[in-house]
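All remarks here apply to the structure that follows.
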Amino acid sequence: MKKYKRILLYALAFIFFAEIVIVFIQAETIERSQASPHVSVILYEGVSDRWTSLNQGIQQACETLGINTPIIKLSDRDTPDQQKEIIEREIADGVQGLLIAPGQSVMIRNYVKELPAQIPVVLLEAVPGEEDPELSAVTLDDVQMAGQLADGLIQDETSVILLKENMGHENLRLRYETFKAHMEASGIDVTEWESAGGDNTVDYLTGRLLESPRNAVVAFDPQTLEAAIDATQAAKARPRLYGIGSSEKILYYLDRQLVREICYGNEYGVGWNAMAALAQAMKLNPSLPLTDTDSFLVRKDNLYQKDVEQFLFPSIR
């Protein structure tokens with residue numbers, strides 16, 4: 001009988017100890033959840049290393065804030081419905097803040113405005129609008145970048161072909177319109193090429209380059225500039241390529257002078273500032289100071305200068 005009582009006491013003690021452990025784990029989980037807000041980053045699909053610098057800025061800001069690393073989710077840039085599904089899923093999972101680079105700026109902006117949940121949202125690469133004061137948007141200075149690229153090109157060219165691609169992005173449309181205005185004001189002849197987008201861009205540009213192989217061609221985002229590089233090789237043409245934005249592939253061909261010049265902005269700073277804006281909206285501590293997001297022109301002759309390298313090559317930052 002004493003043996004059974006001893007076993008029962010041991011069993012009760014074990015159950016009591018297990019309950020204490022469970023309560024402790026639950027309390028620790030709640031505390032960790034409160035200390036580390038659930039933040040998600042939802043980006044449209046781009047070239048393979050499209051978001052490297054921006055992600056580094058976000059990650060560094062998160063470390064400074066002492067919160068968990070954001071979840072990076074890629075969705076196809078031409079399917080806003082896919083981004084909507086991801087946003088809805090994140091809200092259902094208890095997300096407390098969202099950074100979104102919209103695949104289609106206006107559509108996602110309008111969708112976010114109608115969300116029932118009161119969750120802070122910061123839009124990346126969307127043009128801040130007076131009509132949407134409740135929405136925060138962080139982007140590079142697209143007017144400045146387009147103007148810088150235009151001023152550099154005016155010195156060398158008398159005519160130019162503009163690649164009018166991905167105009168569903170507000171920032172790209174602003175770059176395009178600003179650049180075109182500079183060209184027209186300077187008396188530069190402007191021709192526009194516009195494909196159906198998507199996988200057809202390279203094929204479309206290849207056909208056009210076969211007809212006009214030695215022109216100045218301007219792209220307003222890395223994906224389109226990479227498509228122009230691929231088309232140039234397929235057509236065995238030798239246009240003078242210019243663009244806004246960077247990638248490893250673009251820098252490789254800039255070094256080989258197939259790409260004549262690019263304008264590059266501090267996307268690391270955009271990532272940092274976007275997280276700073278979200279942290280402010282979420283009332284997190286400590287508050288983060290904003291950093292510069294200056295842009296500059298890059299040619300082969302300044303590609304490996306130290307002040308340029310630290311922005312172009314994230315691995316050496």
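Starting from 1, each residue takes its place in the sequence as its number.
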*Side-chain (Tyr268) to main-chain (Gln56) donor-acceptor, under 3.5 angstrom*: no
*How about Glu165 and Ser195: do any of their side-chain heavy atoms sit closer than 4.5 Å?*
yes
_For residues Tyr252 and Tyr264: do they belong to one hydrophobic cluster (side chain heavy atoms under 4.5 Å, members Ile, Leu, Val, Met, Phe, Trp, Tyr)?_
yes
*Are any side-chain N or O atoms of Asn273 and backbone N or O atoms of Thr291, one a donor and one an acceptor, separated by less than 3.5 Å?*
yes
*For the residue pair Asp142 and Thr178, establish whether any side-chain heavy-atom pair is separated by less than 4.5 Å.*
no
*Can you list the steps and then say if Arg173 with Glu170 is a salt bridge (charged side-chain N to carboxylate O under 4.0 Å, His left out)?*
CA-CA 5 Å; Arg173 179 169 291 278; Glu170 294 172 316; over 6 Å; no
*Identify which one of Lys84, Glu88, Gln83 satisfies the side-chain hydrogen bond (donor to acceptor under 3.5 Å, both in side chains) criterion when paired with Tyr111.*
Glu88
_Treating Gln148 as the side-chain partner and Ser295 as the backbone partner, does any N or O pair qualify as donor plus acceptor under 3.5 Å?_
yes
*Apply side-chain hydrogen bond (donor to acceptor under 3.5 Å, both in side chains) to Asp255 and list each qualifying residue two or more places apart in sequence or on a separate chain.*
Lys300
*Are any non-hydrogen side-chain atoms of Asp141 and Thr293 less than 4.5 angstrom apart?*
no
*Are any non-hydrogen side-chain atoms of Leu43 and Asn55 less than 4.5 angstrom apart?*
yes
_From CG (Leu163) to CG (Leu225), nearest 0.5 Å_ = 8.5 Å
*Please report the closest heavy-atom contact between Pro102 and Tyr44, naming both atoms and the distance.*
O-CD2, 3.3 Å
_Quick check: do Phe296 and Asn266 have side-chain heavy atoms less than 4.5 Å from each other?_
no
*Measure the CG-CD distance between Leu149 and Gln144 for me, rounded to the nearest 0.5 Å.*
12.5 Å
With a cut-off of 3.5 Å and sequence neighbours excluded, list every side-chain donor-acceptor pair involving residues 183-191.
unit_1 : atom_1 : unit_2 : atom_2 : d
Ser186 : OG     : His182 : O      : 3.0

*Is there side-chain contact between Arg175 and Leu140, with at least one heavy-atom pair below 4.5 Å?*
yes
*Between the main-chain N or O of Val106 and the side-chain N or O of Asn110, is there a donor-acceptor pair closer than 3.5 Å?*
yes
_Of all pairs that satisfy salt bridge (Lys or Arg N to Asp or Glu O under 4.0 Å), the ones with a partner from residues 233-250, not counting sequence neighbours_ = Glu157-Arg240, Asp230-Lys249
*Measure the spacing between CG of Asp156 and CD of Glu261 and express it to the nearest 0.5 Å.*
7.5 Å
